[in-house]
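Side chains included, hydrogens not; waters and symmetry mates left out as well; all remaining heavy atoms used.
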Amino acid sequence: MLDINQIRENSGNVIEMLSVRGEDFTSVIEEIKKLDSVWRLNLKEAEKLKAEKNSVSEQIGELKREGKDASGVIKKMQEVASRIKELDEKVKNVKSELDNKQRYIPNIPAEGIRKVDRIVREEGKKKDFSDSETPPLPHWDIGEMLKIIDLKTATKLSGSRFPLLKGEGAELERALITFMLDIHRKYHGYTEIMPPYLVKEEIMTGTGQMPKFGEDMYNTKKDNLYLIPTAEVPLTNMHREEIIGKEDLPKKYMAYTPCFRREAGSYGKDTGGLIRNHQFNKVELVNIVLPEESDNFHRQLLSESEEVLKRLGLTYRVLELGTCEIGFSATKTYDLEVWMPGEKKWREVSSCSNCRDFQARRMALRYRKEDGNTEYLHTLNSSGVAVGRIFAAILENFQTDEINVIIPKAIRKYIKRKTLIA
RNA sequence: GGAGAGGUACCCAAGUGGAUUAAGGGGGUGGUUUGCUAAACCACUAGCAGGCAUAACGCCUGGCCCGGGUUCAAAUCCCGGCCUCUCCGCCA
């Protein structure tokens with residue numbers, strides 16, 4: 001959520017800063033501005049009448065105690081009370097419309113970001129398969145031959161786009177999860193959380209998924225709970241509506257969770273294997289930090305995610321997302337993309353964002369400053385990293401002509417094998 | 001899921017319609033006394049959100065789990081919800 005004061009004071013500037021997203025927000029911002037002034041006008045009047053009501057009610061109490069007649073004043077106050085009721089109703093309705101409109105406005109991208117994605121750098125070399133007898137296979141073929149991915153059975157159980165890993169496949173996935181969590185715990189100072197996978201609607205609103213992206217979410221109608229699309233949602237909301245002491249910052253939380261996404265409107269896109277499923281595993285990193293420190297933490301967060309890829313020996317590149325591509329809540333985002341030799345494509349395995357105070361504002365997440373006032377904190381998140389896609393990357397990058405897969409050294413202590421053999 | 005009890009500030013807790021400016025205690029902070037500590041005593045301790053105003057001070061509204069309602073007036077009465085506890089049922 002954007003600062004309403006910013007919109008009040010300089011709506012033109014806000015519209016301009018939002019326009020880099022490739023969308024025109026002029027009419028919505030102007031509507032917000034208008035609603036805000038109507039709201040304040042009515043609120044002012046209602047509060048004035050309430051002040052009157054309070055003092056007169058006190059007088060009525062006094063009169064009654066003294067045994068005097070108060071019926072005249074009471075009659076007058078009846079009118080005031082009904083006027084207050086009208087105004088309160090109006091104030092409530094206008095405010096809720098205003099809030100709702102505001103919740104649909106995305107964050108303002110950071111300064112100095114280009115319109116389109118920019119490749120920051122590439123790490124490692126694309127593996128050379130020119131000596132191989134056959135070109136590298138996509139991971140779904142390898143997975144099937146090794147009998148570690150069974151999408152047919154997954155479809156039988158849940159329909160399309162669900163994963164089912166079997167035997168050594170399930171083991172590899174589990175090894176990767178533990179490996180990632182261990183790195184972030186040992187070297188990056190994260191506290192591991194096992195959060196609920198179902199959360200309330202207001203929690204989804206806090207991080208920005210709701211109300212705008214309700215279509216992408218699974219929900220349980222009976223209890224109005226939502227399946228988390230990423231652990232960012234529960235982790236970032238952990239301290240919502242709190243005022244955190246400076247001495248307790250930064251907060252660094254991580255969680256492995258399955259993630260659930262309806263992927264509405266992506267039919268026919270990336271249908272192969274483990275790339276775009278309704279359910280996938282991910283290790284997520286969340287930082288809650290002081291505003292002046294968030295840029296530094298953002299860089300650090302990126303390197304923490306990269307560490308996983310480096311240790312696995314995967315070739316990847318770092319993208320700075322263009323202003324038109326940045327997600328709803330973020331001001332700046334780096335994507336990490338791993339090279340998939342079988343698919344011959346770069347595949348996103350991590351998205352590392354600084355949301356600044358956007359989410360904190362939505363969830364009233366603050367800290368106490370030296371002068372005693374409160375200020376919104378900054379929130380950041382990054383995948384550390386997407387497990388299923390790394391699984392796929394390992395299959396594609398470390399396959400041999402015999403359709404075996406060499407297990408990267410970094411995770412051998414978690415899976416206790418050197419190769420997956422067909 | 002059923003029956004009952006409850007939710008008041010950092011904690012405990014009083015408060016069944018107007019005198020409450022939400023009692024009292026604990027804790028905390030500051031002070032007095034003091035060789036030091038403890039104790040005693042004194043003072044302060046309602047956060048938060050919002051509106052108005054501003055050089056600064058300040059004024060007002062809301063707020064006793066949340067949302068409605070009744071009333072001139074609600075912590076207090078009524079309705080709905082959430083949460084916690086106890087018992088029963090179900091259950092890995």
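With both ends at atom C1', the span from B:rU71 to B:rU86 equals 37 Å, rounded to whole Å. The gap from the P atom of B:rC79 to that of B:rA23 amounts to 29 Å, rounded to the nearest Å. Straight-line distance between the P atoms of B:rA75 and B:rA3: roughly 30 Å, to the nearest whole Å. Distance noted for atom P between B:rA13 and B:rG17: 23 Å (whole Å). For the C1' atoms, the distance linking B:rA43 with B:rU20 amounts to 22 Å, nearest Å. For B:rG4 and B:rC91, the C1' atoms lie 23 Å apart once the distance is rounded to whole Å. Going from the P atom of B:rG27 to that of B:rC11 covers 15 Å, rounded to whole Å. Here the separation of B:rA73 from B:rC87, taken at their P atoms, is 44 Å to the nearest Å.
The nucleotide B:rG6 finds its pairing partner in B:rC83, both defining distances of the Watson-Crick or G-U wobble pair being shorter than 3.5 Å. In this structure, B:rA13 forms no base pair with any nucleotide, since neither Watson-Crick nor G-U wobble geometry is met with both distances under 3.5 Å. Pairing for B:rU34 is absent, judged as Watson-Crick or G-U wobble with the two contacts each under 3.5 Å. The partner of B:rU29, taking Watson-Crick or G-U wobble pairs whose two distances both stay under 3.5 Å, is B:rA43. In this structure, B:rA49 forms a base pair with B:rU61, meeting either the Watson-Crick or the G-U wobble geometry with both donor-acceptor distances under 3.5 Å. Base pairing annotation: B:rU70 forms no Watson-Crick or G-U wobble pair, as no partner gives both donor-acceptor distances under 3.5 Å. Nucleotide B:rG1 is matched to B:rC88 when pairs are restricted to Watson-Crick or G-U wobble geometry with both distances under 3.5 angstrom.
Classification of A:K95 and A:D99 as a salt-bridged pair holds, one side-chain N sitting under 4.0 Å from a carboxylate O. The pair A:E263-A:R276 meets the salt-bridge criterion, since a charged nitrogen lies less than 4.0 angstrom from a carboxylate oxygen.
Among pairs with a residue in residues 174-184 of chain A, those fulfilling side chain to side chain donor-acceptor pair (under 3.5 Å) read A:D182-A:R185, A:D182-A:Y414, A:H184-A:H188, at least two apart in sequence or across chains. Residue pairs that meet the side chain to side chain donor-acceptor pair (under 3.5 Å) test with at least one member in residues 67-86 of chain A, sequence neighbours left out, are A:E45-A:R83, A:E66-A:K68, A:D69-A:S71, A:R83-A:E86. The list of salt bridge (Lys or Arg N to Asp or Glu O under 4.0 Å) pairs with a residue in residues 7-28 of chain A, not counting sequence neighbours, reads A:R8-A:D36.
Put simply, CG on A:L49 is 12 Å from P on B:rG62, counting in whole angstrom units. A:W39 has its CH2 atom 5 Å from the P atom of B:rG51, to the nearest Å. Computed from coordinates, the A:I4 CD1 to B:rA49 P distance equals 17 Å when rounded to whole Å. Straight-line distance from the CD1 atom of A:I243 to the P atom of B:rC10: 10 Å, rounded to whole Å. Between the CG atom of A:D88 and the C1' atom of B:rG51 there is a distance of 13 Å, given to the nearest Å. Between the P atom of B:rG63 and the CD atom of A:E241 lies a distance of 18 Å, rounded to the nearest Å. The interatomic distance linking A:E62 (CD) with B:rA73 (P) rounds to 18 Å, in whole Å. The distance from atom CG of A:N5 to atom C1' of B:rG51 is 12 Å, rounded to the nearest whole Å.
Contact annotation: A:R366 does not reach the phosphate of B:rC48 (side-chain N/O to OP1 or OP2, under 4.0 Å).
Counting only distance, with no hydrogens or angles, the side chain of A:R417 and the backbone of A:I415 share a donor-acceptor pair below 3.5 Å.
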Can you list, pair by pair, the side-chain donor-acceptor contacts under 3.5 Å of residues 193-203 of chain A, counting residues two or more places apart and other chains?
| from | atom 1 | to | atom 2 | distance (Å) |
| --- | --- | --- | --- | --- |
| A:E201 | OE1 | A:N224 | ND2 | 3.1 |

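Backbone-only engagement by A:R8 is indicated by non-hydrogen atom pairs under 4.0 Å involving sugar-phosphate atoms exclusively.
When each of B:rC52, B:rG50, B:rG47 is scored by its nearest atom to the side-chain atoms of A:K44, the top-ranked nucleotide is B:rC52. The listed nucleotides are B:rC48, B:rG18, B:rC52; the one nearest the side chain of A:R40 is B:rC52. With B:rA49, B:rG51, B:rA73 as the choices, the nucleotide that has an atom nearest any side-chain atom of A:L43 turns out to be B:rG51. In the set B:rC72, B:rG51, B:rA49, B:rC72 carries the atom at the smallest distance from any side-chain atom of A:I60.
To the nearest 0.5 Å, the span separating CG on A:D117 from CD on A:E320 amounts to 9.0 Å.
Taking the six-membered ring wherever Trp is involved, the centroid distance between the rings of A:Y226 and A:Y218 does not fall below 6.0 Å. Residues A:F280 and A:F260 place their aromatic rings such that the two centres sit no closer than 6.0 Å.
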Going through the checks in order, is the side-chain contact (heavy atoms from CB on, under 4.5 Å) test met by A:E241 and A:M363?
-> CA-CA 6 Å; A:E241 288 154 54; A:M363 57 177 83; over 6 Å; no
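By the ring-ring contact (aromatic ring centres under 6.0 Å, His included) test, A:Y104 is found to be paired with no residue, residues two or more places apart in sequence or in another chain being considered. Shown here are the side chain to side chain donor-acceptor pair (under 3.5 Å) partners of A:K416, two or more places apart in sequence or in another chain: there are none. Applying the side chain to side chain donor-acceptor pair (under 3.5 Å) criterion to A:S294, with sequence neighbours excluded, gives A:N354, A:H378. The side chain to side chain donor-acceptor pair (under 3.5 Å) test applied to A:D216 returns no partner, not counting sequence neighbours.
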Using nucleotides 74-80 of chain B, report all nitrogen or oxygen pairs with the protein that are shorter than 3.5 Å.
none

Expected rows: protein N/O vs nucleotides 67-71 of chain B N/O, under 3.5 Å:
| from | atom 1 | to | atom 2 | distance (Å) |
| --- | --- | --- | --- | --- |
| B:rU70 | OP1 | A:K85 | NZ | 3.0 |
| B:rU70 | OP2 | A:K85 | NZ | 3.0 |

Encode nucleotides 54-61 of chain B as B, S and - characters from 5' to 3', where the letter depends on protein heavy atoms closer than 4.0 Å: B to the base, S only to sugar-phosphate, - to neither.
-> ------BB
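There is no side-chain donor-acceptor pair under 3.5 Å between A:Y316 and A:D335. At a cut-off of 3.5 Å, with distance as the only test, a side-chain donor of A:T230 or A:K282 sits close to an acceptor on the other residue.
Contacts between residues 192-204 of chain A and RNA chain B, defined by a heavy-atom separation under 4.0 Å, are absent.
Toward the 5' end of RNA chain B, the nearer of the two residues A:D36 and A:K64, judged by each one's closest nucleotide, is A:K64.
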